[in-house]
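Quick note: numbers below take in every heavy atom, side chains included, and nothing from hydrogens, waters or symmetry partners.
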Amino acid sequence: MDELKKKTIAALEQQLQLLAQNGGSPAGKAETCNMRTNLAERLGHEPEEETRERQERLLEELRYREAMRRVAKTCCVWLGGAAFVLAVIAGYAEMADACVATGAIALGLTTYGIL
């Protein structure tokens with residue numbers, strides 16, 4: 001029995017020394033932070049976003065939006081060109097109403113695509 005008590009006391013002393021060396025955590029400060037994060041995730045709380053992460057996320061979203069805007073404008077220029085061709089065809093076919101409507105669409109799409 002005395003031998004078991006001595007081993008237990010020695011193990012506890014060793015644990016206390018580890019705790020003192022690692023800043024109060026059995027695995028160190030980084031593990032403590034990770035444990036808190038895991039607990040927060042399990043409870044449904046999301047950890048706060050760091051400034052750098054937020055800036056990267058916002059910059060990525062801005063680039064995505066700019067790319068989508070470029071695609072939309074390119075499509076508008078192409079559709080405007082196609083509408084212009086249809087307006088010319090309608091003009092040659094002496095369909096004034098269709099020519100005016102299609103020409104207005106062509107003008108609007110092309111203007112939006114260019115600006």
Side-chain angles (χ1 to χ4, degrees):
M1 222 33 180
D2 289 329
E3 191 70 30
L4 182 62
K5 285 183 181 178
K6 287 180 183 177
K7 286 182 180 180
T8 306
I9 291 172
L12 287 173
E13 286 176 351
Q14 189 178 21
Q15 286 291 328
L16 286 172
Q17 288 175 353
L18 282 173
L19 285 172
Q21 289 173 356
N22 293 328
S25 168
K29 291 182 180 180
E31 186 65 31
T32 303
C33 180
N34 192 22
M35 288 171 49
R36 287 181 185 160
T37 303
N38 291 339
L39 178 62
E41 288 173 357
R42 278 188 260 145
L43 292 175
H45 299 289
E46 294 189 23
E48 291 184 21
E49 192 175 35
E50 291 183 15
T51 304
R52 179 168 294 171
E53 292 172 350
R54 185 169 191 265
Q55 286 176 345
E56 289 173 0
R57 182 180 55 81
L58 291 175
L59 186 59
E60 183 179 331
E61 186 176 336
L62 178 66
R63 287 181 183 149
Y64 174 76
R65 287 184 180 192
E66 287 174 350
M68 288 297 107
R69 187 175 293 121
R70 263 185 266 128
V71 168
K73 287 188 171 224
T74 303
C75 288
C76 284
V77 169
W78 278 94
L79 287 173
F84 182 73
V85 169
L86 290 175
V88 169
I89 292 171
Y92 279 117
E94 296 180 1
M95 300 170 60
D97 293 341
C99 179
V100 169
T102 315
I105 291 170
L107 186 62
L109 285 172
T110 306
T111 303
Y112 178 74
I114 291 173
L115 297 178

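Within the 4.5 Å cutoff, no side-chain heavy atoms of Glu53 are placed close to those of Arg57. Contact of the Val85 side chain with the Ile89 side chain is registered, since non-hydrogen atoms from C-beta on lie closer than 4.5 Å.
Remark: Glu61 engages Arg65 in a salt bridge (charged side-chain N to carboxylate O under 4.0 Å, His left out) (not counting sequence neighbours). Every side-chain contact (heavy atoms from CB on, under 4.5 Å) that Val88 has, sequence neighbours left out, goes to Phe84, Tyr92.
Nearest approach of Ala106 to Gly80, heavy atoms of both residues: CB-O, 3.3 Å. In this structure, Leu107 and Thr111 approach most closely via the heavy-atom pair O-OG1, 2.6 Å. What you find for Gly103 and Ala87 is that their closest heavy atoms are N-CB, 3.6 Å.
Within 6.0 Å of atom CD in Glu60, 12 or fewer heavy atoms from other residues, nucleotides or ligands are found, so the atom counts as exposed in its surroundings.
Taken to the nearest 0.5 Å, the CG atom of Leu79 stands 11.0 Å off from the OG1 atom of Thr74. Atom CD1 of residue Ile114 and atom CG of residue Leu109 lie 11.0 Å apart, to the nearest 0.5 angstrom.
Remark: of the listed residues Arg54, Glu56, Gln55, Arg54 is the sole one forming a side-chain contact (heavy atoms from CB on, under 4.5 Å) with Leu58.
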